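Step one of this worksheet: look at the structure below.
Numbered from 1 within each chain, the chains take letters A, B, ... in sequence-line order. Since the model is a prediction, treat every value here as computed from it, not as a measurement.
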Amino acid sequence: MKTRFAPSPTGYLHIGGARTALFAWLYAKSHNGDCLLRIEDTDKERSDKKYTEEIIKSFDWLGIQFDQEVVYQSNNANRYREVIDSLLNEGLAYVCKGDDLEEDKNSRDLKLPREENMVIRIKMPEEGSTVLNDLIKGEIQVSNDQLDDFIIERSDGSATYNFCVVVDDIDSEITHVIRGDDHVNNTFKQINVFKALNASIPEYGHVPMILGEDGKRLSKRHGALGVGEYAKLGVLPEALRNYLLRLGWSKGDDEIFDGQKMIIDFKKGTFNQSPATFSLEKLLWFNKHYIDQKTIDELNKLINSPQFDNGPFSNRVLEVIRDRCNSIEDFSTQSHYFFTDPEEFDEVLMNKHIKPETFHNLSLLLDKLSRIEEWTSNNIKEAIDNLVKELSIGFAKIGLPLRLALTATVNSPSIDVVCEVLEKDVTIRRLENFLTRIKN
RNA sequence: GCUCGUGUGGUGUAGUUCGGUCCAUCAUGCCGCCCUUUCGAGGCGGCGACCCGGGUUCAAAUCCCGGCACGAGCACCA
């Protein structure tokens, strides 16, 4: 069996396309079949080679490997022409002016000669109905009087989409077409092209659309980010894959699917028939799940920043912040203060945590900290605890200003751990600087 | 407008085939508490839904009819 994913290179690969591709690919893999990539680049105006490259790159990143060679529709022009010739000979298609459908229909049986500036329409059945037994949606019928004779060859001699697709699917021996349900109406036309060509019709499975958080269909110009942008945001490919899979497909209450398990389980699950709304929050939850599985080495590679050089210091930083990172980006944004002394302090935070007595309290703490000989989080915690006890104040009264002094933020790992990682000299230095700052 | 499809909590879903075991599953999210220290981490608890209206039935999320809403298509785009 064989499936395919057929994007047009008129933009980057967006999240909806990626999911459709994932489904087509999983469908093939779970049935021991092949899935091939076909670039539908017959629209010369809007297609761009750079998008083709971008799309292929995105699939590499996502971990979806297509089988066989990539098919470019633009290479098949002669083949389309040849097939149209035979349809013309058999009287299953006809030459006409292409101005108006009703007028064109008068040429249905005229066998006009193929000339420049003329178009070719294919004859659709005039009676009965066309039935689609969809893998996902079940049986759908449409009355054939709804199907117009549509143009298969333009006045410039090039073939149109609904025709090319069928020829390519036949030539590539596609057995199962898994695609977005924005194509269901096309499918009825295409089924009749298969019939005209006397070819066997593939099975179809139409997956519902993905909607944006506003409930509108996700599209390139409406909120859909490219796969590459999720990568930039620090999303892991396995997380995106897993999230996309769960959008419109489920297997009971299971959430986590990756690697081989994804392929094995795919057959056991069921498709949902209603459109799904994209949720960044849930995607990040999956992302966190997969980040949790990474080793320190792997994280270093993923973060790919000079600061995280796999050395003992940065690896220690990694260990202490990894719990609070939902994305690879978070590792960078939440760790500056480990690498550079804070300089900017948020006024709101300062007003909230710096009280008249803070200077005095922190001075006492500085004294206690500088006496610590063995710089461990336990000893640091003990020093703070002692001070808190001596002053009879809450831990937060001293802990939060200290956190602010060291990190310029109020959100960090345990403050004693931060001190330990920072080392004694840096801690003391930052605390001294901070004291000077708040002195008046 | 015509045609096709879909409607379970904020979101993703289970359950709908063969009506009862569903005062509706799991996850995410949100809220609260705990972790006598922040927190987007962890633990515990809670909130929240069968689109609406009829009908069939002892019994309907599940079956039937009618609305409504949303999505898609109706190109010499793909």
Candidates [options] - which lies nearest the side chain of [X]:
{"X": "A/Ser274", "options": "B/U37, B/G7, B/C26", "result": "B/G7"}
{"X": "A/Arg403", "options": "B/C4, B/A14, B/U38", "result": "B/U38"}
{"X": "A/Ile151", "options": "B/U13, B/G5, B/C76", "result": "B/C76"}
{"X": "A/Arg46", "options": "B/G12, B/A14, B/A78", "result": "B/A78"}
{"X": "A/Asn162", "options": "B/A78, B/A14, B/U6", "result": "B/A78"}
{"X": "A/Lys282", "options": "B/G12, B/A14, B/C76", "result": "B/G12"}
{"X": "A/Thr277", "options": "B/U38, B/G12, B/C4", "result": "B/G12"}
{"X": "A/Gln73", "options": "B/C4, B/A78, B/U38", "result": "B/A78"}

Does the side chain of [X] get closer than 4.0 angstrom to OP1 or OP2 of [N] through an N or O atom?
{"X": "A/Thr409", "N": "B/C39", "answer": "no"}
{"X": "A/Ser414", "N": "B/U37", "answer": "no"}
{"X": "A/Thr42", "N": "B/A78", "answer": "yes"}
{"X": "A/Asn186", "N": "B/A72", "answer": "no"}
{"X": "A/Thr160", "N": "B/C76", "answer": "no"}

| said: Both A/Trp285 and A/His183 contact RNA chain B. Taking the nearest nucleotide for each, which residue is further toward the 5' end? | reply: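 Of the two residues, A/Trp285 wins.
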
| field | Position toward the 5' end of RNA chain B (nearest nucleotide), A/Met209 or A/Arg246 | value |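 The answer here is A/Arg246.
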
How is [X] classified with respect to the nucleic acid when contacts are heavy atoms under 4.0 Å: base, sugar-phosphate, or nothing?
{"X": "A/Val410", "result": "base"}
{"X": "A/Asp323", "result": "sugar-phosphate"}
{"X": "A/Asp254", "result": "nothing"}
{"X": "A/Lys44", "result": "nothing"}
{"X": "A/Gln146", "result": "sugar-phosphate"}
{"X": "A/Gly180", "result": "nothing"}
{"X": "A/Ser129", "result": "nothing"}
{"X": "A/Glu153", "result": "nothing"}
{"X": "A/Lys137", "result": "sugar-phosphate"}
{"X": "A/Ser155", "result": "base"}

Hey, is the main chain of [Y] close enough, under 3.5 Å, to the side chain of [X] for a donor-acceptor pair?
{"X": "A/Asp181", "Y": "A/His206", "result": "no"}
{"X": "A/Asn144", "Y": "A/Thr130", "result": "yes"}
{"X": "A/Asp134", "Y": "A/Ile140", "result": "no"}

Separation of [N] [atom2] from [X] [atom1] (nearest whole Å):
{"X": "A/Gln273", "N": "B/U16", "atom1": "CD", "atom2": "P", "answer": "13 Å"}
{"X": "A/Leu284", "N": "B/G12", "atom1": "CG", "atom2": "P", "answer": "17 Å"}
{"X": "A/Asn287", "N": "B/U28", "atom1": "CG", "atom2": "P", "answer": "15 Å"}
{"X": "A/Asp100", "N": "B/C74", "atom1": "CG", "atom2": "P", "answer": "18 Å"}
{"X": "A/Glu255", "N": "B/U13", "atom1": "CD", "atom2": "P", "answer": "10 Å"}
{"X": "A/Leu387", "N": "B/U37", "atom1": "CG", "atom2": "C1'", "answer": "14 Å"}
{"X": "A/Asp346", "N": "B/C39", "atom1": "CG", "atom2": "P", "answer": "16 Å"}
{"X": "A/His206", "N": "B/G73", "atom1": "NE2", "atom2": "P", "answer": "12 Å"}

| Which value, rounded to the nearest 0.5 Å, describes the distance between A/Cys325 atom SG and A/Lys294 atom NZ? |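 Answer for the SG-NZ pair, A/Cys325 versus A/Lys294, is 14.5 Å.
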
| query | Distance between the C1' atoms of B/C18 and B/A60, in whole angstroms? | reply |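 Roughly 14 Å separates the two C1' atoms.
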
| message | Suppose you measure atom C1' in B/G67 against the same atom in B/A75; what distance do you get, rounded to whole Å? | response |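 One C1' to the other, the span is 33 Å.
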
| message | Does this structure show an ion pair linking A/Arg316 with A/Glu423, if we count only N-O contacts that are shorter than 4.0 Å? | response |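 Result for this pair is no, no salt bridge flagged.
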
| Would A/Arg324 and A/Asp330 pass as an ion pair if we require N to O under 4.0 Å? |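 No, this pair does not count.
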
| request: Decide side chain to side chain contact (heavy atoms under 4.5 Å, CB included) for A/Ile15 and A/Leu225; before the verdict, give the C-alpha distance in whole Å, the side-chain angles of both, and the deciding distance to 0.1 Å. | output: CA-CA 7 Å; A/Ile15 219 73; A/Leu225 293 186; over 6 Å; no

| request: Check the side chains of A/His183 and A/Asn186 for a donor-acceptor pair under 3.5 angstrom, ignoring hydrogens and angles. | output: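 Yes - a donor-acceptor pair under 3.5 Å links their side chains.
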
| query | Under the 3.5 Å rule, do the base of B/C39 and the side chain of A/Ser412 count as making a donor-acceptor pair? | reply |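 For A/Ser412, whose side chain was compared with the base of B/C39, there is no donor-acceptor pair (under 3.5 Å).
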
| message | Tell me if the side-chain of A/Asn411 makes a donor-acceptor pair with the base of B/G40, cut-off 3.5 Å, by modelled atom types. | response |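 Looking at the base of B/G40, it does pair with a donor or acceptor on the side chain of A/Asn411 (distance under 3.5 Å).
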
